[in-house]
Protein chains: 2
Amino acid sequence: MFSKTCKYAINAMIYVATLPTEQERVGLKEISKAINSPEAFTGKILQALVRDELLASTKGPNGGFFIAKNPAEIVLSQIVESIDGDTLFTGCALGLEKCSEEHPCPVHHKFKAIRDHLTGMLMTTSLKDVAERVNVGISFLKY
Amino acid sequence: MFSKTCKYAINAMIYVATLPTEQERVGLKEISKAINSPEAFTGKILQALVRDELLASTKGPNGGFFIAKNPAEIVLSQIVESIDGDTLFTGCALGLEKCSEEHPCPVHHKFKAIRDHLTGMLMTTSLKDVAERVNVGISFLKY
DNA sequence: TATAAAAAGGATATATTTGTCCTGTAATAC
DNA sequence: GTATTACAGGACAAATATATCCTTTTTATA
Ligand code: FES
Ligand code: FES
C-alpha cells in the first residue's frame, strides 16, 4: 500500500507531532528510536520532508526537527504524496498507463470506490488527530 | 497497492478467462501480447499460478494455458494472495509487525474499514465478472 | 521415430528500494 | 574563534523486485 519509506515518514511525522509544543526540536536519534526505524535512512526521509516543508529543522546544539506548521493543518495525504507521489491516488490498480473512465481496466468501477475511500480518509485525517491517539495511549508507533 | 507481478498475474488470468471455453489453451506469447507484459517474466508468473492451481497448462504443440476451474469460482483475492501473499489483507498500514485491535497503529481504526472494503471487493469479484466486462468491450487489458 | 512446439526451470542481468557511511555545513556555547 | 553538536548531502552497499536468456522436459504430429 505505502512504501516502507512512506511508512517511516508517516510514523516520524506523527512522533514529532506527539511532542509538546514547548519542546521545540527533537533529534534524529530519538525519532528513529521512537518509531523503530534505521537511523541513517530515516535521516534521508526527514531531509525530504524538510525539503517539502512538512517538517523543519535546525542544525547545531539543541538542533533537531519540528513540524513546519500546525499539526491540525497537515493531513496524511500530504505526507504520502510527498514521499510516494500520487500513483496511489490516481494510478490504475491493474497497471494501465492511465486510469480513466473512457478506457477503464476491468476493476476500475469497483476499485474507484475504494481508492476514493482511501483518499478521502488520508485527506481528512490530520497529524493532530493521529498524534492525539498516541498521546492518550490508544495507538502506538512501534511494537 | 499490488506489485507489478501481481498486476500482470491478474491481467493474464483475466485474458485467459475472456477466451471462449471451446478454445482450449492459449500460449504465453499471445497472453503477454494481449496484456502488454514482458514475455519471459510473464512466463514465470504463469508458472507460479499453475503451481497454485489457478491456471493449468499443457506442453507441446497446441499446448498452452487455461483456467484451472470455473472462472465464476475464482475470485481476485485468490490471485492476489497467490502472488503477493496476505500482507495487503492482514498487514498494518504503518508497518507495525502485526495489525491488531489490542496494539493498533494510529490509523488502524480508519484503515481497517478501507482494508475490509478492498478485501471484500476482491473476495466477491470473480474472474467471470471481470472477463465479461472485457468481452462486452467496456473494459480493457491494455492501453 | 524424428521433429517441432511449447511450457518448466535454472542461471543471470538490470532496476529499484532500502539502508549505511563518511564528509560537509550550520548553529550554539564556551 | 574554537570546539562541539546535529542536520545535509554525496557516495556507496545490500536487498528485493523486475526482467532476460538459455537449456530441459513434455507433448503432438508428420
Ligand atoms: S483504469 Fe484501472 S483503476 Fe481506473
Ligand atoms: S495496526 Fe496498523 S493497520 Fe492495524
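Below, chains carry the letters A, B, ... as their sequence lines are ordered, and counting in each starts from 1.
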Whether B/F2 and A/F111 hold their rings parallel, tilted or perpendicular, with breakpoints at 30° and 60°: tilted
Over 60° means perpendicular and under 30° means parallel, so classify the ring planes of A/F140 and B/H103, tilted if in between.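 Answer is parallel, since the angle falls under 30°.
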Answer yes when A/E101 and A/K112 have at least one side-chain N-carboxylate O distance shorter than 4.0 Å, and no when they do not. yes
In this structure, how many angstroms lie between the [atom2] atom of [N] and the [atom1] atom of [X], rounded?
X: B/D84; N: D/dA17; atom1: CG; atom2: C1'; result: 11 Å
X: B/L46; N: D/dT18; atom1: CG; atom2: C1'; result: 15 Å
X: B/I83; N: D/dT18; atom1: CD1; atom2: C1'; result: 13 Å
X: A/R25; N: D/dC7; atom1: CZ; atom2: C1'; result: 12 Å
X: A/L55; N: D/dA6; atom1: CG; atom2: C1'; result: 15 Å

For the side chain of A/K59, starting at C-beta, report the closest nucleotide among C/dT28, C/dA7, D/dA8. D/dA8
In this structure, would [X] and [Y] fall into the same cluster of hydrophobic residues linked by side-chain contacts under 4.5 Å?
X: B/V107; Y: B/L96; value: no
X: A/I79; Y: A/F66; value: no
X: B/V75; Y: B/L118; value: no

Phosphate OP1/OP2 of D/dA8 contacted by A/S57 side-chain N/O (<4.0 Å): yes
Nucleic acid contacts of residues 1-12 of chain B, taken as heavy-atom distances under 4.0 Å to DNA chain C: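 Residues of residues 1-12 of chain B that come under 4.0 Å of DNA chain C do not exist, since none gets that close.
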Under 4.0 Å, heavy atom to any atom of DNA chain C: which of residues 27-44 of chain B qualify? B/G27, B/L28, B/K44
Give A/R51 one of three labels, base, sugar-phosphate or nothing, depending on what nucleic acid heavy atoms sit under 4.0 Å from its own.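 A/R51: backbone/sugar contact only, no base atoms under 4.0 Å.
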B/K110 pairs by side-chain hydrogen bond (donor to acceptor under 3.5 Å, both in side chains) with which of A/D129, A/T124, A/T125? A/T125
For atom CD of B/E53, decide whether the heavy atoms of other residues, nucleotides or ligands shown that lie under 6.0 angstrom number more than 12.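 Check fails, neighbour count at 12 or below.
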Between A/Q47 and A/N62, name the one whose nearest nucleotide on DNA chain D is closer to the 5' end.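 Checking each residue's closest nucleotide, the 5'-ward one belongs to A/N62.
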Between A/N70 and A/A72 (side chain of the first, backbone of the second, donor and acceptor by atom type, cut-off under 3.5 Å), is there such a pair?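 Looks like yes, one N/O pair under 3.5 Å.
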